[in-house]
Structures are given as C-alpha cells and as structure tokens.
Amino acid sequence: MHEYTSTMRVWGLTCPGFPEEVSRARRWTRDILQGSPLVDDAELIVSELSANAILHTASGRLPGGNFHLSVALTPHMVALSVTDDGGAGSAPKVEHLDQEAEYGRGLGMVSILAHRVLIHDNDRGHTVMAELFVGLHPEARSC
C-alpha cells in the first residue's frame with residue numbers, strides 16, 4: 001500500500017448552534033452512511049450529541065455559537081464526533097440513570113449504542129466521540 005493511501009474516509013460539517021441543525025446533522029450522517037448496517041445507531045448518536053452541544057454549551061447559548069460534526073468511516077468502523085464551543089462548566093460524562101429521569105440519560109444511551117465512547121476536553125470546548133464496529137457483538141461494548 002502506498003504511504004499516502006488510506007482506507008479511512010473522513011467528513012466534517014460545522015453547524016450553527018440552532019435546534020433545527022440537529023435534523024440537518026442527522027440527515028447528513030444518514031446520507032454518508034447510506035447502506036451501512038450502522039446507519040440507524042449512528043443517526044441516533046449524532047442526534048443526541050448534537051442536541052447536547054446546543055442545549056448544554058456555548059454552541060447553542062451564545063450568538064455565533066456552533067458545533068462541529070465529524071464522521072470517519074472504514075469498512076469495519078464508524079467514528080462519530082461532535083465538538084462544542086465549551087462553556088458548560090464541566091465536561092460531559094456518561095451516566096446511567098433510571099428510565100424516569102427527565103435529563104442526563106443521553107450519553108448513557110450513546111454508551112449503550114456505541115462500542116466505545118471517548119470524551120476529550122480542552123480550553124476551547126469538548127469533543128465526544130462514539131465508535132461503532134461492524135460485526136462486533138453488543139457484549140463487547142465499553143466506555
């Protein structure tokens with residue numbers, strides 16, 4: 001294989017921090033992953049991560065706020081990441097709350113759908129990445 005050849009393809013989309021952009025992010029993801037067995041889970045994960053960025057960070061609270069969505073695709077894996085503008089006071093965290101909780105269940109749901117969830121924060125914001133693997137059994141999932 002040539003040193004500059006990769007089997008991974010990566011797409012990026014920056015969206016203004018408006019609620020209607022969540023549906024745009026979902027459609028964009030569905031278009032990229034059309035035909036993949038992971039498309040439904042990926043669409044749900046992107047919806048949750050995008051909504052969290054808008055609801056809980058400067059991405060949706062401040063004028064000019066936005067969030068950035070990335071989709072990385074190989075024949076065996078999809079990695080979805082959403083980067084927000086920060087300002088939430090604390091990094092997102094996975095919590096497994098009971099079904100009656102009104103808030104705080106989103107990242108727990110993402111961690112159930114994804115095989116791995118990674119959270120990175122820096123002085124400019126947070127990135128939540130969810131990885132899905134084709135053909136991996138659900139019991140092999142971790143956070």
Verify, without hydrogens or angle tests, whether [X] (side chain) and [Y] (backbone) share a donor-acceptor contact under 3.5 angstrom.
X      : Y      : value
His115 : Phe133 : yes
Ser59  : Asp85  : yes
Ser111 : Gly108 : yes

Check: residues 9-22 side-chain donor-acceptor pairs under 3.5 Å, at least two apart:
unit_1, atom_1, unit_2, atom_2, d
Thr14, OG1, His68, ND1, 2.7
Glu21, OE1, Arg24, NH1, 2.8

Practice item. Only one of Leu69, Leu44, Leu107 passes side-chain contact (heavy atoms from CB on, under 4.5 Å) with Leu49; say which it is. Key: Leu107
Could you tell me the separation between the [atom1] atom of [X] and the [atom2] atom of [Y], rounded to the nearest 0.5 Å?
X      : Y      : atom1 : atom2 : result
Arg116 : Leu118 : CZ    : CG    : 5.0 Å
Met129 : Ile45  : CE    : CD1   : 11.5 Å
Thr57  : Asn66  : OG1   : CG    : 9.5 Å
Leu38  : Leu113 : CG    : CG    : 11.0 Å
Thr127 : Asn122 : OG1   : CG    : 6.5 Å

Locate the shortest heavy-atom distance separating [X] from [Y]; write the atom from each residue and the value.
X      : Y      : answer
Arg26  : Ser47  : NH1-OG, 3.2 Å
Ala114 : Leu132 : CA-CD2, 3.9 Å
Val110 : Ala130 : CG1-CB, 4.1 Å

Exercise for review: Please tell me if the side chains of Val128 and Val117 come closer than 4.5 Å, counting only heavy atoms from C-beta onward.
Suggested key: yes
Review point. Same cluster or not: are Leu73 and Val134 linked, directly or through other Ile, Leu, Val, Met, Phe, Trp or Tyr residues, by side-chain heavy atoms under 4.5 angstrom apart?
Key: yes
Quick one: side chains of residues 74-81, donor-acceptor pairs under 3.5 Å with protein atoms, not counting sequence neighbours, listed by atom name and distance.
unit_1, atom_1, unit_2, atom_2, d
Thr74, OG1, His76, N, 3.2
Thr74, OG1, Met77, N, 3.0

Check your understanding: Using a distance-only test with no angle check, is there a side-chain donor-acceptor pair under 3.5 angstrom linking Asp84 and His126?
Key -> yes
Exercise for review: Any salt bridge (Lys or Arg N to Asp or Glu O under 4.0 Å) involving residues 28-38? Give me the pairs, sequence neighbours left out, ordered by first then second residue.
Suggested key: Arg30-Asp40, Arg30-Glu43
